[in-house]
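Residue numbering restarts at 1 for every chain, and letters A, B, ... go by the order of the sequence lines.
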Number of protein chains: 2
Amino acid sequence: MAERPTTIYDVARAAGVAPSTVSRAFSRPGRVNAETAERIREVAAELGYRANPQARALSTRSTSMIAVLLADIANPVFAELVRGAEEAAAEAGYAMVLADTRESAGREREVLDKILPTVDGIVLASPRMSDTAVRQVAKVKPTVVLNREVGGLPSVVVDNPRGMRRAAEHLAALGHTQVTYLAGPEAAWPDGVRWRALRDARTDLGLTVRRVGPVPPTVNGGVRAAAAWATHPTSAVVAYNDMVAIGFMRGALAMGRRVPGDVSVIGFDNTQSAEIVTPGLTTVAAPQRELGARAVRHVLAFVGGARSTSTDPLVLPSKLVERASTGPYPAPS
Amino acid sequence: MAERPTTIYDVARAAGVAPSTVSRAFSRPGRVNAETAERIREVAAELGYRANPQARALSTRSTSMIAVLLADIANPVFAELVRGAEEAAAEAGYAMVLADTRESAGREREVLDKILPTVDGIVLASPRMSDTAVRQVAKVKPTVVLNREVGGLPSVVVDNPRGMRRAAEHLAALGHTQVTYLAGPEAAWPDGVRWRALRDARTDLGLTVRRVGPVPPTVNGGVRAAAAWATHPTSAVVAYNDMVAIGFMRGALAMGRRVPGDVSVIGFDNTQSAEIVTPGLTTVAAPQRELGARAVRHVLAFVGGARSTSTDPLVLPSKLVERASTGPYPAPS
DNA sequence: ACGCGAATGGCAATCGGTTGCCGCGTGTTG
DNA sequence: CAACACGCGGCAACCGATTGCCATTCGCGT
């Protein structure tokens, strides 16, 4: 521990050249004599030299890193997304670091202060901070926003309206006429979008919609939502996300309601849990991996100097995955 | 974008003082006249000055960041662990960054090269690289290893042997005499430990043990394990982790075996999935959050200059959580 | 009135790299 | 043989902050 790493100066001394030559031997191979370069590289290897990217960044203003800020790592939606992001970054020779901001705008700011100067670009996944705060960040470093639209800033989002529309159509086709929406955190941008999409689908699908919540986007939140729903039960519910949907199913079950016998349930995100839970959860899926990859490629384009790729949000399709948690409107028994 | 951030030089000029004074106004408040400091702070705020931690690190050799490297973010075990780590870091005024290494030793090295100089300490969670590579890292920066022991290096691990012992006892008490272990990746340190613990429990619990695998530590891996198990079925199975256990249950179910009627299943990790799956999965739980927090506090102690806190591994207890996936040895029918 | 030390601000070196520019030596060309 | 270009290495400034040391000023004791 604490052993000072070797620097270009160490290498330079050992190889009998100037530090600048060592630097060039690595950064622009053509610029220095092939033999000299070779010798330097040998010496460097021997000494275990590794360039300090931060020191380099001081003058070049470029680390080869990007950061992805997540509202909550424990949320399984992010698993695939991170994968996609990581792969896209690796492909471009960038390292990706992640920071969890625990659903808190304050924490986002703190982390950003520390991390911003160490990276070339930022992906804000489901940021909780204000639009102005986000714009502030975008002024300093190339930034792409995920799962949210912030006027004038590049963003990547899922086609939530269409997803919700599909969900509503599915329920309507099964004969349901009343749908309850189990709302997630108000700070979550997609929540409002999904709710509005459901309301918009109301008239031409002949649906009545209600809304309970907001509840935390967790299994327990779903259990609480079930209790709230029970005061005015409907034959169908759409939850903010899969975890809430699963919690709702547990809660409903505990109250003696059967799924989908008494109530049909639809979630959002198609997380792994949606598949393993019983009954299998019908849910609106989004290409999370693609989402992450696109976002990263998008920032990297900016980092690479793209002046203004269109700032229209890039919207990715979503689709309904039908499983066993939805069924026909219960026949009067 | 691309707007150069303001530096102490900008602030110094605007406030009519020397850069060094600006620096001191922030880093050692007593050292500079109260009024001057106040003025500087005002000017700085007005200009939106934020210190560049990397530049600072050049001379102080201390960013206020630590890194946690994970083998796989998609693995839900890490969710809680990250939480604990993040909280412990925040408590100490450190920011935590995460890197996913996709279960690859090579990727670990690459990421470390980039990230190492930007942080004060490292937590390696379930590293896949060789012991020597790990020691190499530890020579450069304070390092704590999680879920693995590397001779001479501080580490935090779960009491896997005891956990497995409890699982075996539980099965033995239910009358099972043959247990199959569904092995996870060989590069995963706990895999060997768990398997050995099961073998060790054999004789005095009167068990016969078998082993199938290795399989990937995923639901699909579990499905494959079920196929392998089916060639020599046993009445009880212990899986490398919950995902494998869940996959096994699906696979077994698909083959017409009932859980726990025909086969009892135990997982490891007590992830959220263990609770929501049907039947509820009996599993060996570890205090993941605590694990993460301890690891971080441990590195921070080293960062703070502790010369050699004992390098004995810190071992945290594990316990068996009984749910519905285990039952009595099937009566001959 | 003189001397001394505390308070306070500035100068300049340093951290580890990068890069513009200079200068030397060699090879090519007229 | 002179002129010129080019290849290649070194010097030194710079990125943004920190810090040891020095200089100035002021207050105070004697």
Subject >> A:R56 CZ - D:dG16 P separation (whole Å) >> reply: 17 Å

**OP:** Record whether the side chain of B:S20 comes under 3.5 Å of the base of C:dC11 through a donor-acceptor pair of N or O atoms.
**Re:** yes

Original post:
Taking N and O atoms by type only, does the side chain of B:R24 place a donor or acceptor under 3.5 Å from a partner on the base of D:dG20?
Top reply: yes

**OP:** Scan B:A57 against the nucleic acid and name what it touches under 4.0 Å (heavy atoms): base, sugar-phosphate only, or nothing.
**Re:** nothing

**OP:** Output the distance between atom CZ (A:R148) and atom OG (A:S155), rounded to the nearest 0.5 Å.
**Re:** 10.5 Å

Original post:
Roughly how many Å is it from CZ in B:R61 to C1' in D:dT18, rounded to a whole number?
Top reply: 12 Å

Original post:
Would you say a side-chain N or O of B:T60 is under 4.0 Å from OP1 or OP2 of D:dT18?
Top reply: no

Original post:
When the nearest nucleotide of DNA chain C is assigned to A:A55 and to B:A37 on a heavy-atom basis, which residue is associated with the more 5' position?
Top reply: B:A37

Original post:
Between A:T143 (side chain) and A:K141 (backbone), is there a donor-acceptor pair under 3.5 Å?
Top reply: yes

Original post:
Would one find a side-chain N or O of B:N52 under 4.0 angstrom from OP1 or OP2 of D:dA17?
Top reply: no

Original post:
To the nearest angstrom, how far is A:I8 atom CD1 from D:dG9 atom C1'?
Top reply: 14 Å

**OP:** Grab the CG-P distance between B:L58 and D:dA17 for me, whole Å please.
**Re:** 11 Å

Original post:
When you measure from the side chain of B:N33, which nucleotide among D:dC11, C:dG17, C:dG9 comes out closest?
Top reply: C:dG9

**OP:** Nearest whole angstrom, please: distance from the P of C:dG17 to the CG of A:D10.
**Re:** 9 Å

Original post:
Which part of the nucleic acid, if any, lies within reach of B:A18 when heavy atoms closer than 4.0 Å are counted: base, sugar-phosphate only, or nothing?
Top reply: sugar-phosphate

Original post:
Within this structure, what is the CG-to-P distance between B:D113 and C:dG17, rounded to whole angstrom?
Top reply: 12 Å

Original post:
CZ/B:R56 to CD/A:Q54 distance, rounded to the nearest 0.5 angstrom?
Top reply: 13.5 Å

Original post:
Are OP1 or OP2 of D:dT18 and a side-chain N or O of B:S23 less than 4.0 angstrom apart?
Top reply: yes

Subject >> Between P of C:dG17 and CZ of A:F26, the distance in whole Å >> reply: 10 Å

Original post:
Under the salt bridge (Lys or Arg N to Asp or Glu O under 4.0 Å) criterion, do B:R128 and B:E108 qualify, and how do the steps go?
Top reply: CA-CA 8 Å; B:R128 298 300 190 239; B:E108 281 180 354; over 6 Å; no

**OP:** Give a yes/no answer on whether the side chain of A:Y9 brings an N or O atom under 4.0 Å of OP1 or OP2 in C:dT14.
**Re:** no

**OP:** Counting heavy atoms from C-beta on, name the nucleotide in C:dG16, D:dG10, C:dT19 closest to the side chain of A:T21.
**Re:** D:dG10

**OP:** Starting at CD of A:E87, measure out to CZ of A:R297 and round the result to the nearest 0.5 Å.
**Re:** 9.5 Å

**OP:** Would you kindly give the CD-to-P distance between A:E35 and D:dC8, to the nearest whole Å?
**Re:** 10 Å

**OP:** Check whether any side-chain nitrogen or oxygen of A:R28 sits under 4.0 Å from OP1 or OP2 of C:dT18, and answer yes or no.
**Re:** no

Original post:
More than 12 foreign heavy atoms under 6.0 Å from CD of A:E46: is that the case here?
Top reply: no

Original post:
Between C:dT8, C:dG10, C:dT18, which nucleotide gets closest to the side-chain atoms of B:V17?
Top reply: C:dG10

**OP:** Just compare C:dT19, D:dG16, D:dG9 and give me whichever is closest to any side-chain atom of A:R31.
**Re:** D:dG9

